[in-house]
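Notes follow once the structure below has been shown.
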Number of protein chains: 2
Amino acid sequence: MATMLKPVRRRLKPDERRAAILSAAGDVLLHDGIGALTLRHLAQRLGVAPGLVNHYFPEIEALAAEAFAMIAEAEVITLFAAATAMATPVAQVARLVADLLDPQRRAVSLLWLDAWQASRNRAQLRAAVIVAMDLWQDQLCALIARGGFAAPDPAVSATRILALIDGLSIQAVIDAPDAPGHAVARGMVIEGVQRELGIVLDLV
Amino acid sequence: MATMLKPVRRRLKPDERRAAILSAAGDVLLHDGIGALTLRHLAQRLGVAPGLVNHYFPEIEALAAEAFAMIAEAEVITLFAAATAMATPVAQVARLVADLLDPQRRAVSLLWLDAWQASRNRAQLRAAVIVAMDLWQDQLCALIARGGFAAPDPAVSATRILALIDGLSIQAVIDAPDAPGHAVARGMVIEGVQRELGIVLDLV
DNA sequence: AAAACAATTGATCAAGTGACCAATAATGAG
DNA sequence: CTCATTATTGGTCACTTGATCAATTGTTTT
């Protein structure tokens, strides 16, 4: 077999180890889904004893909730930072929609669907989902309000646009990325946003 | 404690027992979700030994897939039977949309979301989901085509309308039935269908 | 250098899962 | 009424899960 690799156990500071576990948990969520976030799976990926995960996260449900919150929040920050960097309001919306329609976002869409479903039975995850959704709503509402679009009520427009995007998430699961349903969903998001804000998006 | 209830074991014919198990599995799916469909949970609900379930369904994944297929197919048949009973094409669509927006459909919406998510890791369930979605697509497409609406391509219109309805399913999980997001989603379905088919729906 | 500290291990527990199968008893046939 | 058929039981196996805790070992302090 392979050479016996000596079990060097690295000792990290609590903050570092905690961050490492959280990060690995996030990877598992994005790559394998919430159902794959088990003590042993995570410990093996970290090259660490299962008990160590318990030491930093006494209950794994809290870890799942926090890891999801981390991913969701990071995505919102990234997307809106990129959007607000654009010059005109219309360009900002165009950038946001383009990023949301990017096939690379598929993993995040899958995670959202997973979280919606799993939050039925997991209170902490459910709380994190609600917080993340509110964050989305607030950010998008602010972006619309600042833009001065022909939208009577920015909050309502934000809710409607988010509903379109959520619906897009489903296509990420049930269809392959190149399936006809996917293109239909894309078109509906673009047309819906244009209609909602009274603008024309010039997406590649 | 309570009086010792004698364990009368009723002996059903194979067909009857199989149907009983399938029906009970459907109840579990609608009431507690796919994750709650376990041998023991199901056996207890039936007042039967766990092994009996295995006897009729050697692998429980097949049972889950078949139970989902049963529920989904039954819903399609019921909804379209009610719709086609209406006199005019517009009334048919109105009836279908009204039924889909009925709060009582919440359990079915939750099951669909559950199935979409779970089908990621369960091949047989995934197959059943695809069949059910195709059935929906075919039925709706036929209804639109027969109606002679101002829709250039009935198949595309059906896909778009189903995407709207799928998006509505998410609201069933994340919001309470009386939350604002729910009303927004309802409005989007109605307006989307009206725009897609060039009609005006008169829903209560 | 020695001691105190604490991050980490490894083993173990109880609970829950799907699956399997010989034994049992209800039902129907002769 | 008797017997054969078979639907059904109940016990068990192997596995996975989250969780707990004394023991260990690396790091830091004295």
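All values below come from the heavy atoms of this structure, side chains included, with hydrogens, waters and symmetry mates left out. Proteins come first, then strands; the chains are lettered A, B, ... in the order of their sequence lines, and each starts at number 1.
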So the ring-ring contact (aromatic ring centres under 6.0 Å, His included) pairs with at least one residue in residues 73-102 of chain B (sequence neighbours excluded) are F80(B)-W136(B)
Grab the CG-P distance between N121(A) and dG18(D) for me, whole Å please. 15 Å
Within a radius of less than 6.0 Å around CD of Q44(B), do more than 12 heavy atoms belonging to other residues, nucleotides or ligands occur? no
Over how many whole Å does the gap from L39(A) atom CG to dA15(C) atom C1' extend? 14 Å
What contact category does I60(A) fall into here, base, sugar-phosphate, or nothing, at under 4.0 angstrom with non-hydrogen atoms? sugar-phosphate
For the residue pair Q137(A) and T159(A), establish whether any side-chain heavy-atom pair is separated by less than 4.5 Å. yes
Between the two end axes of the helix from dA1(C)-dT30(D) to dG30(C)-dC1(D), each built from 5 base pairs, what angle do you get to the nearest 10°? 10°
Nearest-nucleotide wise, let me know which of K13(B) and G35(B) is further upstream toward the 5' end of DNA chain C. G35(B)
Using whole Å, report how far CZ of R17(A) lies from P of dT27(D). 11 Å
Using a 4.0 Å heavy-atom cut-off, does P58(A) contact any base of the nucleic acid, only the sugar-phosphate backbone, or nothing at all? sugar-phosphate
To the nearest Å, how far apart are E59(A) CD and dT20(D) C1'? 14 Å
Check: E66(B) and R18(B) side chains under 4.5 Å, non-hydrogen atoms: yes
Between E61(B) and L12(A), whichever has its closest DNA chain C nucleotide further toward 5' is L12(A)
Spell out, as yes or no, whether a donor-acceptor pair under 3.5 Å connects the side chain of E61(B) to the backbone of A123(B). yes
What does L37(B) touch in the nucleic acid at a heavy-atom separation under 4.0 angstrom: a base, only the sugar-phosphate, or nothing? sugar-phosphate
Backbone N or O of A118(A) within a donor-acceptor pair of the Q117(B) side chain at under 3.5 Å? no
Side chain E196(A), main chain A151(A), donor-acceptor under 3.5 Å: no
From C-beta outward on R11(A), which listed nucleotide comes closest to its side chain: dG18(D), dG18(C), dT25(D)? dT25(D)
What residues in residues 27-34 of chain B put a non-hydrogen atom under 4.0 Å from any atom of DNA chain D? none
At 4.0 Å (heavy atoms only), tell me whether R40(B) reaches a base, stays on the sugar-phosphate, or touches nothing. base
Which is true for F57(B) with a 4.0 Å heavy-atom rule: it touches a base, it touches only sugar-phosphate, or it touches nothing? nothing
Phosphate-side-chain proximity, Y56(B) and dT8(D), N/O vs OP1/OP2 below 4.0 Å: yes
Between dT6(D) (C1') and L52(B) (CG): distance, integer Å: 12 Å
Validation row: I165(B), R105(B) side chains within 4.5 angstrom (heavy atoms): yes
Between C1' on dT5(D) and NE2 on H55(B), what's the gap in Å once rounded to a whole number? 13 Å
Can you find a heavy atom in the side chain of L125(A) that is under 4.5 Å from one in the side chain of I34(A)? yes
Do side-chain atoms of S119(B) reach the backbone of A115(B) as a donor and acceptor pair under 3.5 angstrom? yes
With heavy atoms under 4.0 Å as the rule, sort P14(A) into base, sugar-phosphate or nothing. sugar-phosphate
Nearest to the side chain of N54(A) - dT20(D), dT9(C), dG18(D)? dT20(D)
Whole-Å distance between dT8(C) P and L46(A) CG? 11 Å
Between P of dA19(D) and NE2 of H41(A), the distance in whole Å: 17 Å
